[in-house]
Every structure is written in structure tokens, then in C-alpha cells.
Amino acid sequence: MKLLRCPINGLRPIQEFNYGGEYRPMPDPDASTDAQWADYVFNRDGAPGVRLEWWYHLASGVWFLAEHDTARDVFLRTFLFEELGQG
Amino acid sequence: MSRRLAPQPGEWIDRNRPVTFRFEGRPYSGFAGDTITSALWAAGVRVLGRSFKYHRPRGLYGLDGSDSNAMFETRDVVNIRGDRAPIEEGMDLRAVNTFGGVERDRLRIMNRFGRFTPVGFYYKAFHRPRSLFPFFENQIRRVAGLGTVNSGKALRHTPKDYAFCDVLVIGAGPAGLAAALAAADAGARVLLVDESPRLGGSLTWHGNLDDSRDRLADALRRVEAHQRIQTRTATCVAGLYADGWAALIDRLRLTKLRARAVIVATGVFEQPAVFPHNDLPGVMFAGAAQRLIHHYAVLPAERPVILTANDEGYRAALALRKAGAEVVAVVDTRPEGDSPAAALLKREGINLLAGRFIARARPAGGLAGIRGVELCRVDERGLPRIEQRAEQLACDAVVMSVGWTPNDTLLRMVGTRMEYSAEREQFLPVELPGGVFAAGKVNGLVGLEDRWADGLHAGQAAASALGFGAAPGGSRPAPAGPAINHPYPVSDPDEGKNFVDLDEDLQVKDFRNAIQEGFNSPELLKRYSTVGMGPSQGKHANLMALRVLAKERGEPLAGKQITTARPFSTPVALGHLAGRIFTPYRHTPAHAFHTERGARMMFAGTWLRPEYYEVVGKTREACIQEEALHVRGSVGLIDVGTLGKMELGGPDAVRFLERIYTGRFDNLKVGASRYGVACDESGVVIDDGVVARLGPNRFYVSTTTSGADAIYREWQRWALCWGLKVILNNATAHWGAMNLAGPRARQVLQPLVDISLAAADFPYMGVRECRLDGVPARVLRVGFVGELGYEIHVPAGHALGVWNRLMEAGRAADVRPFGVEAQRLLRLEKGHIIVSQDTDGLTQPFEAGLGWAVKMDKPFFIGQRSLKIHQRRPLKRTLVGFQTDEARPRTMPRENHLIIEGKEMIGRVTSIAYSPTLKRTIGLAYLPPSMTAPDTRFTIRADGGELVPARICRIPFYDPAGERQRMTTPEEDAR
């Protein structure tokens with residue numbers, strides 16, 4: 001069982017968390033074409049590598065972001081949404 | 001004919017405690033500390049089991065926990081590993097894979113049919129004709145598989161344990177002992193685990209030829225005295241997972257261990273030489289022979305021949321000689337040399353035949369052993385040249401020492417990259433995941449000093465990574481000296497069975513055939529031939545299979561990688577893993593009432609809800625219909641405490657709801673509520689509920705029962721993403737809720753509340769905060785079941801009291817409880833949908849008749865952009881109401897039954913029930929938009945293929961104008 005570091009609660013077993021999918025900022029709905037919008041809604045890149053993911057600590061209700069190397073299944077960094085773009 | 005030796009220094013048996021047991025009906029005795037295999041071997045028993053496919057006699061082979069042909073069963077336990085399991089007083093053992101006993105196994109005839117059962121035989125032979133497969137399957141199952149499960153065995157609960165440490169050291173040989181001491185000296189709490197009953201690893205059986213026994217005694221003293229080292233013996237690490245999570249298996253239990261760092265010092269598995277009859281009793285590893293002598297004081301054989309490719313074989317020869325065996329010869333694949341070891345051997349007078357290999361062994365009668373070997377010469381690389389015949393020797397055993405492979409299963413389980421080194425002729429770890437360290441033989445080290453130093457290095461490295469002590473100075477020892485592994489110890493003549501995999505009875509030619517048939521990659525070869533899929537999981541076979549593959553394809557193994565291993569590394573009894581069933585569920589506050597009233601409970605998500613209230617002598621359907629009729633005619637009370645209940649506040653609460661729900665909420669007045677539909681980003685309906693405005697910035701929102709937690713989670717995320725000032729509170733469990741519905745609802749409730757329930761004061765879809773019998777309450781006028789209804793929310797602690805108070809106050813009005821099924825029927829009569837019953841994972845609101853609740857002119861809501869695309873396209877299906885032609889069809893269609901036209905599926909029923917109010921069977925179904933006109937006819941395929949005719953009707957079926965749920969008195973209307 002993996003461990004994951006919640007930015008608020010520290011290192012916890014991974015069953016305490018809910019995976020929230022890859023972090024993908026929503027494009028401007030009015031400015032995007034149908035194809036661009038459909039790409040945002042439906043397409044996911046499953047290729048292994050480092051990506052940003054949403055995680056949720058179930059017990060305390062904390063959403064945060066995690067840099068996850070899915071090729072090695074290693075979490076490189078976790079941080080609160082507010083810190084996005086600061087690190 | 002006892003083969004028990006005089007007491008050996010450091011032996012594991014206790015000669016003061018004899019143990020008697022039975023094998024195949026005959027009595028035997030051994031000593032406490034004996035394994036089943038060692039006790040039987042000491043008693044002179046040679047045939048311990050029969051092989052899986054050909055039922056050939058098999059004996060002791062590796063004595064390393066992977067002897068898959070020496071497996072036993074008692075009445076209650078199957079597949080007991082003879083080389084690991086201790087004998088117990090009174091044990092009554094049988095070999096697992098025989099028909100009529102190990103001596104006279106009736107299936108021994110299979111050995112003669114070998115050439116008719118080539119690799120892939122079962123795949124090819126038994127799939128045609130298909131009608132006969134059940135017969136074939138039955139026959140195959142009868143002869144395949146190992147052991148007989150006693151299904152009458154008493155139930156036993158197996159405890160689970162949890163443990164924690166800083167550093168887990170797996171394997172207590174010299175490297176493991178050194179690692180444990182180094183890590184503990186640095187300050188780490190260490191758990192040292194070994195699957196043997198004693199610590200020491202190879203030091204326990206390397207005998208008295210060097211100082212290993214003194215070194216062991218010294219290390220054990222220090223380990224035992226160390227306050228920070230705990231040890232567990234006879235414990236196997238069966239699974240190693242991410243972040244130091246390990247599954248420890250002992251005789252009694254599974255222990256789930258969390259370690260902050262892991263040192264794998266699991267050593268090596270000896271590998272077989274391949275030559276005809278290399279599987280028969282008497283052929284064994286050099287390690288097995290030495291363990292027999294030093295652990296159990298048993299003579300492995302009277303007149304063995306040693307086949308070796310390294311100096312370890314010399315050690316075995318000397319040990320056998322010392323134990324009293326007549327060593328016929330040491331057959332060495334290497335050219336003659338003048339090493340000190342060779343000199344020592346010659347001094348002892350042992351016949352050393354260099355530059356030779358075993359071309360074939362000669363079987364004894366009935367294949368019960370061997371009676372000799374025929375030698376051949378080798379080429380300059382040590383590869384056998386079977387056409388160049390050499391000596392023939394009479395012997396009763398072949399003791400093999402031709403190489404090892406790292407016991408790397410756990411390393412590969414956690415993602416270690418293992419690469420084949422041509423120089424060492426073995427796989428070596430080249431890249432380890434963080435927090436995992438390897439030490440000792442698993443790193444390809446041979447010499448004791450190197451292994452000890454490697455252990456110290458790993459122990460210090462693991463400890464310092466955790467903040468204990470300094471990082472180790474200097475570099476790790478690297479493998480040195482000549483390679484100890486023979487590159488291809490195979491004699492492969494045309495005649496005679498030479499085995500690579502003793503679990504699955506696979507010969508070299510089986511691999512050759514499989515490769516020729518195109519199964520020419522390691523993964524394909526494994527699956528087609530089943531190599532490595534037996535009880536030992538290929539510990540003695542996988543490497544040789546890869547070598548055969550490399551040779552056949554002409555591609556060297558150098559640089560090749562080996563695949564990930566999966567748990568478990570060793571078979572684990574299912575009983576160790578089985579847990580008690582743990583299904584958490586939730587009760588509503590009024591649960592006690594329901595059970596007392598005879599409610600039949602059902603699951604709604606994780607909640608238990610009354611499905612209906614049982615009445616003695618009445619069927620389920622009759623109970624449900626009476627409950628529904630009573631709501632229509634009088635008044636009923638249903639527990640809706642399972643609804644999701646969200647409280648929203650803050651200056652941006654309205655903006656938030658506008659973005660979440662498809663409808664408009666900025667114009668919702670305080671004291672009013674409105675139905676809301678929520679979509680996901682693709683425009684699919686995911687939830688619905690009622691949004692009630694309690695104050696300018698204060699909302700109380702209900703969600704579906706099963707969606708509550710996920711909806712709340714998503715709301716939190718959207719609030720974060722949008723940066724809105726909104727406070728969200730999932731108050732689902734804080735509030736109890738019940739719906740009082742029916743024409744007499746107002747009459748029952750009015751006396752209990754401190755507000756006026758008159759329609760003018762409290763209109764349909766209004767919400768009021770008030771006191772109910774002194775209890776703070778939120779009351780919503782709702783119409784889900786299509787009658788005058790009040791949804792009453794009170795703090796959970798008061799909910800049972802309020803429920804009982806309503807039942808009591810409603811006695812005159814004859815208030816009765818009703819369950820989920822009656823509610824489903826009532827809402828169906830109204831044509832109200834249930835999200836996730838009448839919608840699925842692709843339903844958008846326009847298909848489900850919810851277009852009226854979608855305000856596309858809003859600036860934004862989740863799903864809006866996708867719905868704009870949907871809006872421009874023709875609908876693919878529409879949810880419609882229908883009734884069956886017969887009021888009560890003989891075969892009642894059910895939810896999810898298909899609507900058929902010709903041979904096409906054109907639609908699906910989502911809800912259906914007989915309505916006692918309307919006296920007909922009504923339902924909801926998806927149909928093509930071209931078929932939605934009233935009275936359009938179609939057929940439903942019900943159970944048994946019966947076609948039930950039906951036609952489309954308008955919804956709501958009942959009270960289409962909605963007068964009853966608005967229900968005002970004439971006077972109130974006049975106002």
C-alpha cells in the first residue's frame with residue numbers, strides 16, 4: 001500500500017485518498033471550438049510520465065495537487081491548489 | 001535403513017524429542033526440528049512424490065522451500081511443502097499427486113505417453129468438437145491439479161497482525177545479519193526476517209571447513225543482545241509493495257508490515273543441470289546435500305557423483321566424504337587446474353574428472369532412482385559435447401553445483417531493474433527503487449568477506465537514508481573472481497527425458513517446439529509452455545528457459561532484462577488471506593422504528609432503508625400497493641433521511657449554484673425552493689435535488705442518496721478552482737428527514753408546528769424554518785410523490801422523536817409509514833425520474849425530458865458547452881411514458897428489458913410497475929425520437945423472450961395538472 005503526503009495532514013496510507021484525475025485547466029468555453037472542447041472533455045493522455053494530478057484526502061476533505069511520475073509510480077511533490085504556479 | 005548421522009555440530013534437530021508420523025499408511029519417526037522431507041529421507045524413503053504430468057517418481061531436490069514434487073496432504077491441509085514444513089506428532093501424510101499411492105501410482109503409465117503429450121497438447125487437442133469439451137474438461141480436471149481439498153474442514157479464523165519498523169531486513173544470512181547490525185548500530189529499529197527456522201543462512205550449512213560457524217555464533221550473539229533488533233524466523237516475506245509495505249507470512253498469520261526502508265538479502269536459488277533422468281530421486285543440488293548433513297544429520301546418498309562448475313561443488317564433496325559417503329567422483333566442467341581447492345580434493349583422495357559433463361543418467365528399476373551416469377567431454381567454453389563419450393560411473397546420486405540465480409522475486413516486485421551480466425552469467429540488480437537496498441549473494445557476491453561487507457554497507461545506507469548515522473564510506477564490493485555459473489549446463493540427446501521445469505514436467509524439447517511454433521518471447525513462451533507457473537513459480541526453471549530461448553534464437557542473454565514479479569513470491573494459504581466480511585452500512589435515525597414495524601430493509605448506497613413494511617399474510621406486492629394507495633387516499637410518512645443534505649453560505653453562494661446546476665437560482669426568493677439538475681462536463685445528468693433558499697446567502701440543498709459524497713467532493717473542487725467565496729458543509733448525517741405526504745398531511749402537521757401551513761402562507765415549493773414540537777425544523781413543501789407533502793428536516797438526534805410524534809399525532813388521520821418501493825411507484829405515476837435509474841452514464845437532460853430545467857441562456861454552468869453541441873444535433877433517444885396493452889401482463893416486463901422491433905433493439909425500459917390507482921401497468925422507456933407520439937405501439941421482450949405489447953402515453957400518468965401536490969382549499973384559492 002502506497003503512502004501519500006497530504007499537504008495538510010502529512011504522510012497517510014493511500015486508501016485515505018480519492019484520486020481526482022489529471023489536473024487539466026478548463027479552456028474558455030466560449031472561445032474554444034467544438035473539437036477543442038470535446039478534446040478537453042473526453043481525451044486523456046495515458047502515456048506514462050510526470051503529470052499533475054488531483055487528490056482528495058477523504059477524512060479531512062482536502063483537495064490538493066500531486067506531481068506523479070506514473071512511469072515509476074513515484075509522487076514527486078504534493079501541494080495545495082493555491083500554490084499552483086509558485087513552485 | 002536409517003541414514004541418520006551421528007550428531008553434527010549446530011544441527012537443527014532435537015534428538016531428545018522423537019516425533020512419530022505416518023506417510024502413505026506406514027509409520028515413521030524423526031526428531032523435533034526435522035522437516036517432512038528430511039525425516040523421510042533419513043528413514044530411507046526415496047520416492048516422496050510423483051511428477052505433475054508424467055507421474056514420474058521424484059525425491060528431494062533443492063531442500064530450499066521450492067521442492068514442488070515433494071508436497072503432501074493431510075486430511076485437512078493440502079499442498080504441504082515437505083522441505084519446509086516441520087513434522088508433527090501423529091501427522092498422517094499422503095503424497096498429493098498420485099492415483100493409488102506414491103509407490104504404485106496408476107498414472108505412472110503417463111511417462112510412456114510422453115511423446116503423445118507435447119507442449120501445448122491440451123490447447124490443441126481438446127477444443128474440437130465443442131460438444132465434447134465438458135467431458136474432456138472433467139477428465140483433465142481429474143488428473144490435473146494437486147491435492148484434494150477437504151470441504152468439510154472446520155472453519156478457522158486466521159488472525160491478522162500489523163507491525164512497523166525503520167528497516168526491514170529480509171534474509172538472515174551473513175549479508176542480512178551484517179545489515180541488521182549496521183542499521184541498528186546507527187540507531188534504526190530493525191526487523192530481521194528469515195523463512196528458515198534459524199538465523200544464519202548459508203553459514204548454518206557451510207560446515208566446519210572455514211570459520212563460518214564461529215562467525216555465525218558471534219553475529220547471533222550480537223543480534224540477540226541488540227535492543228533495536230527484532231527477529232522473526234520461519235516467516236516468509238511473500239509480498240513486497242510500494243513504500244515499504246510488506247506481507248509477512250508465518251505458520252499462523254499474515255502480518256502487514258510497514259517499513260521505512262527495506263534491505264533485500266535473500267540470497268540465491270541453486271539451478272539444475274539438465275541431462276536425461278536429471279529429475280529422479282537421488283539427483284539433488286549441492287546445497288540440498290549440505291543442508292541435509294548439517295541441519296538434519298542425514299546422509300544424502302551412499303555413493304554420489306558430484307557434478308560441478310565451481311569450487312562450491314568441492315565443498316559439497318568434502319562434506320559428503322566427511323559424513324561417510326563414498327564420493328565416486330567429482331565431475332568438473334572446468335579444465336583441470338591446480339587451485340588450492342583442487343589440491344585439497346586430491347589430498348583427500350577424491351577422484352576429480354575435469355573437463356566433463358553428464359551425458360545421461362541411468363535410471364534404476366521403476367525409475368525409483370539412478371544407478372549410474374555416462375560422462376561426455378566438454379568444449380573450451382565448458383559446453384557438453386555429448387558425442388564425445390567418456391567414463392561411465394556407477395552411483396546412487398548426482399549432486400549438482402552448476403550455478404545460482406538471485407532470489408530476486410521481491411526486488412522485481414518493487415520495480416528493480418535486473419539485467420543479465422554475461423561476465424557473471426547471471427541476472428544482477430542494476431537499478432533499485434528508492435528506499436530499497438540489496439545485499440549479499442543477490443548482488444552476485446560470492447566470498448563471505450564480500451557479502452559481510454556488502455551487508456554492512458547496505459545497513460548503513462538504509463539507516464542514513466532515514467536520518468540515522470552517517471552514509472557508508474567507500475564503495476560496495478563488486479562481484480569478482482571467476483563466474484560461478486555455468487552458461488548452459490545442458491545435455492540434450494534425442495533419447496531420454498531431461499527436465500528444465502520439474503513443477504510442470506517440461507523438457508528442453510518442449511521449449512524448442514514452442515519456440516518453433518512462434519512462442520518465441522519470454523512472455524509467450526511462459527504462457528504457452530506454462531514454465532514457471534507451478535508451485536515453485538519457476539525458481540529452478542525460469543533462468544534455464546530463458547537460456548534455451550536465447551540459444552534457439554541465437555541472441556545472447558547479455559543485457560536482457562527480466563520481467564516484473566507479482567505477489568506472492570511463495571504460495572500463501574487462502575486461509576491466511578481471508579478476512580471477515582466488512583461491509584459498512586448506515587442507519588437513519590428512525591431505524592429502530594422501521595425494524596419494530598417489520599420493515600423489510602434494502603440498501604440504498606451505503607444506507608439501509610425500508611423497502612416496504614411487511615404485513616403478515618400479504619405478499620410483497622400487495623404491501624407496496626396498499627402503502628401507495630394509502631398515500632393517495634389518506635397520508636403516509638416516509639423516511640428520507642438518506643438524502644444528501646448540503647448547507648451553502650457565503651457571498652458567492654448564488655453564483656456557485658448558478659454554475660453547478662443547469663437552472664436559474666439568482667431569482668429564487670428567500671423561503672422558496674426549486675428543483676435542480678446537475679450535469680458533468682460532458683452534459684450527462686449526474687444528480688438532481690431541491691435547492692432551498694433559507695436566507696439571502698444561505699441555502700439548503702438536497703442531493704440524491706448515493707451521490708451525496710461524490711457531489712460534495714466535486715463541489716469543493718469547483719469552489720477551489722473558481723476561487724469563489726462559498727462555504728460548503730456536507731450536513732447529510734446532521735439532519736434526519738421524513739416526508740409526510742397525502743391529502744391529510746396538513747391536518748396532521750399543523751398542530752405540531754409554530755407556523756401557518758395554509759397554502760397562502762406556505763405555498764407549494766416553499767421552505768420554512770420553524771419549531772416542530774419545540775424542535776428546530778426545516779420544512780419543504782415538495783411534490784415528489786404527487787400529493788400534498790411536507791419534507792421535514794430536524795437535527796438527527798431529534799429525528800426518531802419527531803417521527804414517533806408524527807405517527808402519534810396522525811393517529812386520527814390514520815398516518816402509515818411507507819417504504820422506498822411505494823415511493824418509487826408513486827413518483828412513477830407522476831412521471832418523475834430517478835437519476836441513475838431513468839438516466840444512465842450517457843443521458844443528457846434533453847433526452848430525459850428535463851429540458852425545462854436547463855437554462856441555456858445563463859452565462860455558464862457545468863455541461864453547458866457540451867449541451868450546446870448536443871442542442872445542434874438531433875436527439876438519439878427520448879424518455880417516454882408507456883402503458884402495456886394488458887392491464888396486468890401475464891409476464892411482467894422488468895427494468896432494463898429491451899424494446900424490440902423486428903430483430904433490432906430500439907429501446908429500453910427504465911421503470912415499470914402496476915399502478916393500483918390507475919389500474920394499469922405503466923412505465924418509462926427510452927425510444928427513438930421518431931416514436932414518441934402518444935399511442936405509438938411497440939413491444940417489450942420480457943423474461944423468456946415473451947413479447948409484451950405496449951403503447952406510448954403522456955406523462956404524468958396521474959394528476960397531469962399537478963393540482964394535488966399544490967392542493968389548496970377552495971377558500972385559499974379564492975384569496
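Throughout, a chain's letter reflects where its sequence line sits, starting with A, and its residues are numbered from 1.
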Exercise. A/Leu58 versus chain B, heavy atoms under 4.5 Å apart: side chain, backbone, both or neither?
Worked result: side chain
Using a plain distance cut of 3.5 Å, could you tabulate donor-acceptor pairs between chain A and chain B?
{"from": "A/Met1", "atom 1": "O", "to": "B/Arg258", "atom 2": "NH1", "distance (Å)": "2.9"}
{"from": "A/Met1", "atom 1": "O", "to": "B/Arg258", "atom 2": "NH2", "distance (Å)": "3.2"}
{"from": "A/Leu3", "atom 1": "N", "to": "B/Asp243", "atom 2": "OD2", "distance (Å)": "2.6"}
{"from": "A/Gly20", "atom 1": "O", "to": "B/Arg717", "atom 2": "NH1", "distance (Å)": "2.7"}
{"from": "A/Gly20", "atom 1": "O", "to": "B/Arg717", "atom 2": "NH2", "distance (Å)": "3.4"}
{"from": "A/Pro29", "atom 1": "O", "to": "B/Arg865", "atom 2": "NE", "distance (Å)": "2.7"}
{"from": "A/Ser32", "atom 1": "O", "to": "B/Arg865", "atom 2": "NH2", "distance (Å)": "2.8"}
{"from": "A/Asp34", "atom 1": "OD1", "to": "B/Arg865", "atom 2": "NH1", "distance (Å)": "3.1"}
{"from": "A/Asp34", "atom 1": "OD1", "to": "B/Arg865", "atom 2": "NH2", "distance (Å)": "2.9"}
{"from": "A/Asp34", "atom 1": "OD1", "to": "B/Arg872", "atom 2": "NH2", "distance (Å)": "3.1"}
{"from": "A/Asp34", "atom 1": "OD2", "to": "B/Arg872", "atom 2": "NH2", "distance (Å)": "2.1"}
{"from": "A/Trp37", "atom 1": "NE1", "to": "B/Ser866", "atom 2": "OG", "distance (Å)": "2.8"}
{"from": "A/Tyr40", "atom 1": "OH", "to": "B/Glu681", "atom 2": "OE1", "distance (Å)": "3.1"}
{"from": "A/Tyr40", "atom 1": "OH", "to": "B/Glu681", "atom 2": "OE2", "distance (Å)": "2.5"}
{"from": "A/Tyr56", "atom 1": "OH", "to": "B/Gln716", "atom 2": "OE1", "distance (Å)": "2.5"}
{"from": "A/Gly61", "atom 1": "O", "to": "B/Gln716", "atom 2": "NE2", "distance (Å)": "3.1"}
{"from": "A/Trp63", "atom 1": "NE1", "to": "B/Arg713", "atom 2": "O", "distance (Å)": "2.8"}

Problem set entry | Closest-packed option against chain B by number of heavy-atom pairs under 4.5 Å, given A/Pro25, A/Gly61, A/Ala38, A/Pro29 | A/Pro29
